[in-house]
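Input: a single structure, listed below in structure tokens.
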Amino acid sequence: MQTTLPLASVKKLGEFVDQDVRLRGWLYGGRSSGKIAFLMIRDGTGVVQGVLAKSDVEDEEMFQAARKIPQESSIIVAGKVRQDDRAPGGYELLLSHVETYSEAGEYPITPKEHGQSFLMDHRHLWLRSRLPHAILSIRSSVEFALRSFFDREGFTLVDAPIFTPNACEGTSTLFQTDYFDKQAYLTQSGQLYMEAAAAAFGNVYCFGPTFRAEKSKTRRHLTEFWMLEPEMAWADIDDVMQLAENMIASVIGTVLERNAADLATLERDPAKLEAIRPPFPRITYAEALEVLAKQGKTLAWGDDFGGEDETIIANSFAKPVFVHRWPREAKAFYMAPDPEDDRLVLGVDLIAPEGYGEIIGGGQRADSLTYLEEQIAAHDLPPEAFEWYMDLRRFGSVPHAGFGIGLERFVGWICGTHHVREVIPFPRTMNRLSP
RNA sequence: UCCUCGGUAGCUCAGCUGGUAGAGCAAGCGGCUGUUAACCGCUGGGUCGUAGGUUCGAGUCCUACCCGGGGAGCCA
């Protein structure tokens with residue numbers, strides 16, 4: 001074949017209309033009749049229909065061979081790009097040459113329906129299919145948009161460690177591992193490290209995998225998930241809410257701009273995302289209890305919300321909703337006390353619309369050394385594990401605040417997926433460690 | 001850990017009050033010049049999750065266990 005032909009990609013076919021090009025990819029599927037064959041060719045950037053007419057190819061042998069190429073074989077083709085409304089995507093390739101680089105065995109994922117479990121067992125192959133491809137493309141945009149947003153806002157990326165020496169919020173949900181002659185744990189959160197970094201750089205964030213050994217089997221849980229955690233020095237709970245809503249609006253704007261085709265593949269209505277503009281509603285924990293009571297769901301003061309409660313609250317608003325000022329017992333030891341009500345701490349959660357639940361948790365951190373010492377004792381935590389953390393209050397303590405956003409819940413909401421395992425390339429859940 | 005639903009061909013499933021295994025798709029062969037999860041014909045394909053039990057006879061009923069889906073608690 002003529003290797004001098006320009007190499008095209010499916011995404012850029014529009015630049016080669018009426019030209020002969022080469023394309024390298026995989027056979028996604030196809031149909032054929034006696035004298036014409038349609039090959040769906042996938043190259044990673046998209047899928048294009050190749051049309052192979054018996055009269056157009058170099059010899060009949062190539063036509064007969066091309067009809068029988070097994071699904072997902074890697075192929076190199078040549079042909080003329082043509083605009084045609086009959087083709088999905090608007091362009092098709094009038095093939096003159098089809099060459100198999102590596103013939104595939106019997107491919108397990110067929111065009112018919114499969115169960116979740118079967119597909120996840122073949123996740124390494126399932127990634128090639130349209131829906132996972134669209135979802136993971138959006139995930140890539142979200143990560144890009146998050147980093148861009150924080151970079152524009154003047155935040156410094158400071159990577160937090162994955163191995164941590166001590167159980168900071170109880171051991172039951174931590175993965176334990178041997179670390180030479182000691183025990184180590186996989187990180188649950190980079191927050192305490194970000195508090196240290198904020199005193200060095202001002203505004204910082206970390207972004208990486210975190211681990212929870214919770215035996216949770218729900219559509220919102222993974223044992224390994226990605227979390228982005230910004231932390232700001234000289235900041236309070238209101239700064240947290242403002243940063244969070246600007247971040248979410250910015251990311252959604254990027255996805256709407258870059259991934260319109262992916263959202264269409266997922267049949268996700270962009271109008272629901274276009275409506276997500278700041279400011280988001282802000283209600284206190286006490287007000288949230290009233291919202292629930294009006295819907296006939298009465299909770300005692302101090303109770304945390306279940307998944308169903310979060311959905312009721314979310315459905316009462318058109319946008320994501322902040323719930324702030326929580327009972328001290330419901331939140332972690334490092335939360336700053338509310339100066340106006342000592343039963344409360346300055347924590348804030350953001351509940352996503354449409355039942356996607358809590359996607360952000362954060363708040364203002366306690367900056368008083370004596371208050372923190374009391375809280376560590378009250379929570380029965382080993383004080384020696386927090387010596388370095390207490391140093392942050394001994395050497396120039398400032399009001400500071402931050403939050404963590406769960407990437408998979410965020411992407412799941414944007415994509416409208418049923419389960420968070422669909423939005424991470426290789427999910428880790430209680431019952432799945434491979435592929 | 002608890003509650004709940006499920007495990008039958010490569011896949012998705014049907015299989016009635018117990019009577020000896022089915023469909024569609026996939027695969028293989030053949031046909032068809034505009035297909036969109038193409039269509040038409042033919043062919044091959046099974047330790048019914050595992051181990052016991054009841055019965056003349058178990059995919060079907062009983063017991064235990066294993067595996068998976070969904071949910072609760074906890075969380076992002």
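Here is how names work: the chains are called A, B, and so on, in the same order as the sequence lines, proteins then strands, and each is numbered from 1.
Across all strands shown, B:C25 forms a Watson-Crick or G-U wobble pair with B:G10, both key distances being under 3.5 Å. Look at B:C61: its Watson-Crick or wobble partner, with both distances under 3.5 angstrom, is B:G53. Base-pair partner of B:G18: not found among the strands shown (Watson-Crick or G-U wobble, both distances under 3.5 Å). Partner assigned to B:U1 is B:A72, using Watson-Crick or G-U wobble distances below 3.5 angstrom. Applying the Watson-Crick and G-U wobble criteria (two distances, each under 3.5 Å), B:C39 pairs with B:G31.
Nucleotides B:G7 and B:C48, compared at atom C1', are 10 Å apart to the nearest Å. Rounded to whole Å, the separation between the C1' atoms of B:A9 and B:A21 comes to 10 Å. Comparing B:G6 with B:G45, their C1' atoms are spaced 25 Å from each other, to the whole Å. Taking the P atom of each, B:G15 and B:G59 are spaced 16 Å apart, rounded to whole Å. Separating the P atom of B:G18 from that of B:G73 is a span of 41 Å, rounded to the nearest Å. Nucleotides B:G69 and B:A64 place their P atoms 23 Å apart, quoted to the nearest Å.
Backbone-only contact: A:His419 has heavy atoms under 4.0 Å from sugar-phosphate atoms and none from a base. At the heavy-atom level, A:Asp304 lies under 4.0 Å from the strands shown only through sugar-phosphate atoms. Among the heavy atoms of the strands lying under 4.0 Å from A:Ser32 is at least one base atom, whether or not backbone atoms are also near. Heavy atoms of A:Leu222 sit under 4.0 angstrom from at least one base atom. Residue-level contact check: A:Arg219 touches the backbone only, with heavy atoms under 4.0 Å from sugar-phosphate atoms and none from bases.
Residue A:Asp121 contributes atom CG, which lies 13 Å from atom C1' of B:G10 at whole-angstrom precision. The separation between A:His122 atom NE2 and B:A26 atom P is 18 Å, rounded to whole Å. As rounded to whole Å, 16 Å separates atom C1' of B:C74 from atom CD of A:Glu308. With rounding to whole Å, A:Arg123 atom CZ is found 18 Å from B:G68 atom P. Distance, A:Gln188 CD to B:C74 C1': 11 Å, rounded to whole Å. Atom-to-atom, CG of A:Leu146 to C1' of B:A76 comes out at 14 Å; the value is rounded to the nearest Å. Following rounding to the nearest Å, A:Glu310 (CD) and B:A72 (P) show an atom-to-atom distance of 10 Å. Atom CD in A:Gln64 sits about 8 Å away from atom P in B:G31, given to the nearest Å.
You'll find a donor-acceptor pair under 3.5 Å spanning the side chain of A:Arg409 and the base of B:C75, going by distance alone. In the interface, the side chain of A:Glu92 is paired with the base of B:G34 through a donor and an acceptor atom under 3.5 Å apart.
Comparing atom distances between the A:Ser33 side chain and each of B:U35, B:C32, B:C75 picks out B:C32 as nearest.
Under a cutoff of 6.0 Å and an axis angle of 45°, A:Arg258 and A:Phe144 form a cation-pi pair. Figure legend: A:Arg343 and A:Trp326 shown without cation-pi pairing, the cationic atom not lying both under 6.0 angstrom from the six-membered ring centre and within 45 degrees of its axis.
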Quiz prompt | A:Glu374 and A:Arg328: CA distance, side-chain angles, deciding distance, salt bridge (Lys or Arg N to Asp or Glu O under 4.0 Å) verdict | solution = CA-CA 13 Å; A:Glu374 284 164 23; A:Arg328 180 174 300 180; over 6 Å; no

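The residue among A:Arg67 and A:Glu358 whose nearest nucleotide of RNA chain B lies closer to the 5′ end is A:Arg67. When the nearest nucleotides of RNA chain B are assigned to A:Trp226 and A:Ala53 by heavy-atom distance, the more 5′-ward of the two goes with A:Ala53.
Using a 4.0 Å cut-off, no side-chain N or O of A:Asn431 falls inside it from OP1 or OP2 of B:C67. Under 4.0 angstrom from either OP1 or OP2 of B:G69 there lies at least one side-chain N or O belonging to A:Arg421. Note on A:Lys68: a side-chain N or O is less than 4.0 Å away from OP1 or OP2 of B:G30.
Salt-bridge check for A:Asp121 with A:Arg432: passed, with a basic side-chain N closer than 4.0 Å to an acidic carboxylate O. Here A:Lys297 pairs with A:Asp309 in a salt bridge; the nearest charged N to carboxylate O distance falls below 4.0 Å. The existence of a salt bridge linking A:Arg421 and A:Glu408 is excluded, since no basic side-chain nitrogen approaches an acidic carboxylate oxygen closer than 4.0 Å. Electrostatic pairing of A:Arg130 and A:Asp262 does not count as a salt bridge here, judged by no charged N lying under 4.0 Å from a carboxylate O. Taking a cutoff of 4.0 Å between a charged side-chain nitrogen and a carboxylate oxygen, A:Lys294 and A:Glu290 do not qualify as a salt bridge. A salt bridge links A:Arg42 to A:Glu72: one of the charged nitrogens lies within less than 4.0 Å of a carboxylate oxygen.
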Tabulated below should be each protein N or O lying under 3.5 Å from an N or O of nucleotides 11-15 of chain B; please produce it.
{"from": "B:C11", "atom 1": "O2'", "to": "A:Glu113", "atom 2": "O", "distance (Å)": "3.1"}
{"from": "B:C11", "atom 1": "O2'", "to": "A:His114", "atom 2": "ND1", "distance (Å)": "2.6"}
{"from": "B:U12", "atom 1": "OP1", "to": "A:Gly115", "atom 2": "N", "distance (Å)": "3.0"}

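Smallest separation of non-hydrogen atoms from A:Phe305 and A:Ala288: CZ-CB, 3.7 Å.
Put simply, A:Phe38 does not rest on the base of B:G34: the two rings are not both less than 5.5 Å apart at their centres and under 30° in tilt.
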